[in-house]
Amino acid sequence: MALGILEPKDEHVAGTVYVYEQARRNADHFNANTTLKRDASGKIILVPQPSDNPNDPLNWPWWKRDLILATLSLVVVIATTAAPLLAADSVQLALYFKTTFQKAADLTAFHLAGVAVGAVVFVPSARVWGKRHVFLLGALLMCAASAWGGSTHNNRNYTSMVWARVFQGVALAPFESLSNAVVGDLYFVHERGPRMAFVNTAIFGGAFLTPVFVGMIAAHIGWQWSFYLLAIFMGIGFLALFFFVPETAFRRADYLNTDFTAAGQTNIGTSSSPPISLNSDEKQLRSTTASPGTALGPREPYIKRLLVVNGRKSDDSYWKLLLRPFPLYLQPAVFWGCLMQGVIIGWTVMVGVILSLIFLSPPLFFNEEQAGKMYTAAFIGSMMGLVISGIYTELVTKFMIRLNHGKYEPEFRILLVIPTLVFTAIGLYGFGITAANTYKYGWLIPDVFLAFIIASMVMGAIASAQYLLDAYRDIDIEIFTNLIIFKNIFSFILAHYAYTWIFSTGIKHMFVVFASIEVAICVLSVPMYVFGKKNRAFFHKHDILRMVRLR
C-alpha cells in the first residue's frame with residue numbers, strides 16, 4: 001500500500017505515470033527510455049507523449065493553447081447563463097404566464113432535461129468528427145432558442161416558453177459535456193490541474209453571476225431582454241469560436257497516449273519491478289522520440305483550421321458511440337464521479353429554484369433586482385472554489401508525488417474532497433437552518449452559507465473531473481457524458497418537485513436531509529481513494545465496453 005492506495009498485482013495500471021526523472025533512474029530498464037520527451041526543465045516526463053506532427057495540439061505553444069482554452073471558457077460562461085436565466089424571475093414569470101410556482105420552476109427543470117438529451121446526441125458526434133462542429137452548432141442553436149424564449153413575452157404562451165427552454169438546454173450540452181475533454185486534448189498531465197479548475201469554474205461558477213444581471217434587466221427593461229441579450233452575446237461567442245478555437249481532437253498514435261492504457265506504461269518500471277522486454281509499441285516509441293526534430297507533415301494553414309470538420313477522429317460507428325456511456329454507469333469510479341459531481345450540483349439547482357421565493361416573501365419582500373443581487377454570494381463562492389481547488393490540488397498533488405518517489409496516481413486528485421466535505425456541510429446545514437427563519441437571521445447569513453454551497457460544488461466538480469480525466473483518459477468523453485446525463489436528470493427531478501417538497505416538509509428539514517446525503521457521498525471518497533487503483537486495474541482487464549461489444 002503506497003500512501004493509502006492499495007496496489008493491484010499488476011502494478012502497471014492505466015493512469016499511473018512516473019513524473020520525475022529520478023523515478024526513471026530507479027527503474028531497472030531506464031536506459032531503454034532515455035529518449036522520452038520531457039518538459040523544458042528536463043525533469044518531467046511528458047504524459048501523453050506528443051507526436052512529431054506540428055498539427056498535434058500538444059506541440060502548439062503554451063500561449064496558443066491557453067488562448068484557445070480562454071476563448072472557449074468565455075463562451076462557456078455565456079452559454080451557461082441559460083441554466084439560471086430564470087432564477088431571479090420565477091415568481092414574476094408565474095404571475096406573467098398565470099400559472100403556479102411549480103410550473104415556473106418547471107421552466108428550469110425541462111431546460112435541464114434538454115441538456116441531458118443534447119449530451120446524448122452531440123457527444124458521439126464529437127467523438128467521430130471532433131468537437132469544433134458541435135461547439136459551433138451549439139452556439140447557433142443557443143442564439144435561436146434564446147430569441148425564441150424572448151418572443152414568448154408577446155403571446156404569453158407558456159408551452160412555447162417550455163420548448164424554447166428545452167432547446168436552450170440542448171444547445172448548452174456541448175459546452176457542459178466537452179469543455180473538460182478539451183483540457184485533455186491540449187495539455188499534459190502535469191499541466192491540467194489549474195486549467196481544469198479554470199474550465200469548471202467557467203462551467204459552474206460563471207452562471208451564478210447571471211441572476212444578478214437578470215434581476216436588474218427584469219426590473220428595468222423586462223425579463224424578455226435577458227433572453228434577447230443572451231442571443232446577442234452568443235452570436236459574438238459563435239464568431240469567437242469560429243476564428244479562435246480550432247479543432248483540438250487529434251488522432252495520435254496509440255503508443256504515444258501513455259495516459260490511456262497500461263501498455264504504454266510498461267516501459268516505465270520501478271526499481272522493484274523485474275526487467276521486461278520492450279514490446280512493439282515501446283520500440284516504436286523509442287524510434288519516434290529519438291528524432292524529435294523530425295516533423296511529420298506540413299503545418300496546416302490558418303484557413304484550413306477554420307473548417308468546421310477536418311476529418312474523422314474515430315473509426316467507430318456513431319450509433320455505437322451513442323450507446324457507449326450507458327454501460328459505464330456500472331463502473332464504480334464513474335458512478336462515484338456522478339454522485340460526487342451531480343448531487344451537489346442538484347442541490348445548487350434546488351437553491352436557485354426556491355431562492356427568489358425566499359427573498360420575495362415576507363418578511364424580506366425583495367423585488368426581482370434585490371433578489372438577483374443575492375446571487376453575488378454565489379459568484380464569490382465559485383471564485384473561492386476556483387482558488388482553493390487550484391492551489392490545494394497543485395500543492396497536495398506535488399507533495400504526494402514527492403512522497404511517492406516521483407510516481408503519480410490519479411487518486412491523489414480525490415484528496416480535494418476533504419475541503420469539499422467541510423464546505424458542503426457548513427453550507428447546506430447552515431443554509432437550511434437560516435433560510436427557514438429569515439425573521440431571525442435576515443438575508444445576509446443565508447447568503448453567506450450560499451457562498452459555501454457554491455464553493456463546495458466547484459471543488460466537488462473539479463475533484464471528480466480531474467480524477468476521471470487522469471484515470472480514464474481513453475473514455476473521457478463518454479464519462480463526461482455520464483456526468484452530464486446524471487447531473488441533469490437528478491436536477492430535473494429536484495426542480496420538478498421543488499415546491500411540492502418545500503410546502504410539505506419545509507426548507508430546514510429538506511436541507512438537513514440534503515446535507516446529510518452529501519456528507520455520506522463525500523465519505524464514499526475514502527474507499528474510492530483506497531481501492532481506486534485496484535478498480536482501474538480490474539476494469540482495464542475486464543473492459544465493460546468490450547463485454548457489450550461497444551469497443
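Remember, it's a predicted structure, so these values are computed and weren't measured experimentally.
Summarising the geometry, atom CG belonging to Leu386 is positioned 9.0 Å from atom CD1 belonging to Ile391; distances are rounded to the nearest 0.5 Å. Interatomic distance, Ile475 CD1 to Leu328 CG, rounded to the nearest 0.5 Å: 5.0 Å. Ile5 contributes atom CD1, which lies 7.5 Å from atom NZ of Lys533 (distance to the nearest 0.5 angstrom). Atom OG of Ser389 and atom CZ of Phe198 lie 13.5 Å apart (nearest 0.5 Å). One finds the OG atom of Ser73 at 8.0 Å from the CD1 atom of Ile203 (value rounded to the nearest 0.5 Å). Note: Ser516 OG to Leu428 CG = 9.5 Å, rounded to the nearest 0.5 Å.
Other residues, nucleotides and ligands contribute only 12 or fewer heavy atoms inside 6.0 Å of the CZ atom of Phe244. Around the CZ atom of Phe399, the shell of radius 6.0 Å holds no more than 12 heavy atoms that belong to other residues, nucleotides or ligands. Shown here is Phe167, whose CZ atom has no more than 12 heavy atoms of other residues, nucleotides or ligands within 6.0 Å.
Taking each heavy atom of Ala249 and Asp185 in turn, the nearest pair found is N-OD2, 3.8 Å. Shortest non-hydrogen contact noted between Asn59 and Ser51 is ND2-O, 2.7 Å. Among all heavy-atom pairs drawn from Val458 and Ser382, the shortest one is CG2-CA, 3.9 Å. Minimum interatomic distance between Ala126 and Leu178 (heavy atoms only, all atoms of both residues): CB-CD1, 3.6 Å. Closest heavy-atom contact between Glu394 and Pro194: OE2-CD, 3.4 Å. For Leu241 against Ala139, the heavy-atom pair with the smallest separation is CD1-CB, 4.1 Å.
With no hydrogens or angles considered, no side-chain donor-acceptor pair links Tyr529 and Arg413 at under 3.5 Å. In this structure, a donor-acceptor pair under 3.5 Å is present between the side chains of Gln331 and Asn535.
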Which donor-acceptor pairs under 3.5 Å do the side chains of residues 338-345 make with protein atoms, sequence neighbours left out?
residue : atom : partner : partner atom : Å
Gln341  : NE2  : Ala461  : O            : 3.3
Gln341  : NE2  : Ser464  : OG           : 3.1

Please tabulate, one pair per line, all N/O donor-acceptor pairs under 3.5 Å involving side-chain atoms of residues 117-124, not counting sequence neighbours.
none

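Between Phe110 and Trp163 the shortest side-chain heavy-atom distance does not fall below 4.5 Å. Counting heavy atoms from C-beta outward, Ile418 and Tyr392 have side chains that approach closer than 4.5 Å. Residues Val115 and Ile484 form a side-chain contact, since some pair of their non-hydrogen atoms from C-beta on lies under 4.5 Å apart. Side-chain contact check for Ile388 versus Phe423: some heavy-atom pair is nearer than 4.5 Å. Counting only heavy atoms from C-beta outward, the side chains of Lys304 and Asn310 never approach each other to under 4.5 Å. Residues Asn180 and Asp476 fail the side-chain proximity criterion, which asks for heavy atoms closer than 4.5 Å. Between Met350 and Phe514 the shortest side-chain heavy-atom distance falls below 4.5 Å. A 4.5 Å side-chain heavy-atom check between Val199 and Val182 finds every atom pair outside the cut-off.
Each salt bridge (Lys or Arg N to Asp or Glu O under 4.0 Å) pair with one or both residues in residues 317-344, not counting sequence neighbours, appears once here: Asp316-Arg324, Arg324-Glu478. Applying the salt bridge (Lys or Arg N to Asp or Glu O under 4.0 Å) definition to pairs two or more places apart or across chains, those involving residues 65-75 are Arg65-Glu191, Asp66-Arg195. Pairs passing the salt bridge (Lys or Arg N to Asp or Glu O under 4.0 Å) check and including a residue from residues 482-493, sequence neighbours excluded, read Glu176-Lys487.
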For Phe335 and Asn482, what are the C-alpha separation, side-chain angles and deciding distance, and is it a side-chain contact (heavy atoms from CB on, under 4.5 Å)? CA-CA 9 Å; Phe335 189 66; Asn482 286 94; over 6 Å; no
Begin from the C-alpha positions of Val349 and Phe492 and carry the test side-chain contact (heavy atoms from CB on, under 4.5 Å) through to its verdict. CA-CA 9 Å; Val349 170; Phe492 168 81; over 6 Å; no
Applying side-chain contact (heavy atoms from CB on, under 4.5 Å), run through His111 and Leu172 and close with a yes or a no. CA-CA 9 Å; His111 168 82; Leu172 176 58; 3.7 Å; yes
Between Leu58 and Leu186, does a side-chain contact (heavy atoms from CB on, under 4.5 Å) hold up when you go through it step by step? CA-CA 6 Å; Leu58 294 177; Leu186 291 174; 5.9 Å; no
Chi angles and distances behind the salt bridge (Lys or Arg N to Asp or Glu O under 4.0 Å) call for Asp52, Lys37: CA-CA 11 Å; Asp52 289 322; Lys37 295 178 182 178; 2.7 Å; yes
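For Arg546, the side-chain contact (heavy atoms from CB on, under 4.5 Å) partners two or more places apart in sequence, or in a different chain, are Asp543, Arg551. Every residue meeting the ring-ring contact (aromatic ring centres under 6.0 Å, His included) condition with Phe490, not counting sequence neighbours, appears here in chain and number order: Trp347. Applying the side-chain hydrogen bond (donor to acceptor under 3.5 Å, both in side chains) rule to Ser125 yields the partners His133; only residues at least two apart in sequence or on another chain are considered. Here Arg165 pairs with Gln168 under the side-chain hydrogen bond (donor to acceptor under 3.5 Å, both in side chains) rule; sequence neighbours left out. The side-chain hydrogen bond (donor to acceptor under 3.5 Å, both in side chains) test applied to Glu411 returns Tyr467, Arg536, not counting sequence neighbours. Remark: Phe538 pairs with His542 by the ring-ring contact (aromatic ring centres under 6.0 Å, His included) rule, at least two apart or across chains. Scanning for side-chain hydrogen bond (donor to acceptor under 3.5 Å, both in side chains) contacts around Trp336 gives Ser525, with sequence neighbours left out.
Put simply, the residue from Thr397, Val396, Thr393 that forms a side-chain contact (heavy atoms from CB on, under 4.5 Å) with Leu416 is Thr393. Residue Phe175 is tested with Phe238, Phe135, Phe480 for a ring pair (Phe, Tyr, Trp, His ring centres under 6.0 Å); the sole match is Phe135.
Taking a cutoff of 4.0 Å between a charged side-chain nitrogen and a carboxylate oxygen, Glu247 and Lys131 do not qualify as a salt bridge.
Of the possible polar contacts, none joining the Thr424 side chain to the Leu421 backbone as a donor-acceptor pair under 3.5 Å is found. Under the 3.5 Å distance criterion, the side-chain polar atoms of Tyr329 are left unmatched by any main-chain donor or acceptor of Val334. Between the side chain of Asp106 and the main chain of Ala109, no donor-acceptor pair closer than 3.5 Å is present.
Both tests hold for Arg132 against Phe242: distance to the six-membered ring centre under 6.0 Å, angle to the ring axis within 45°.
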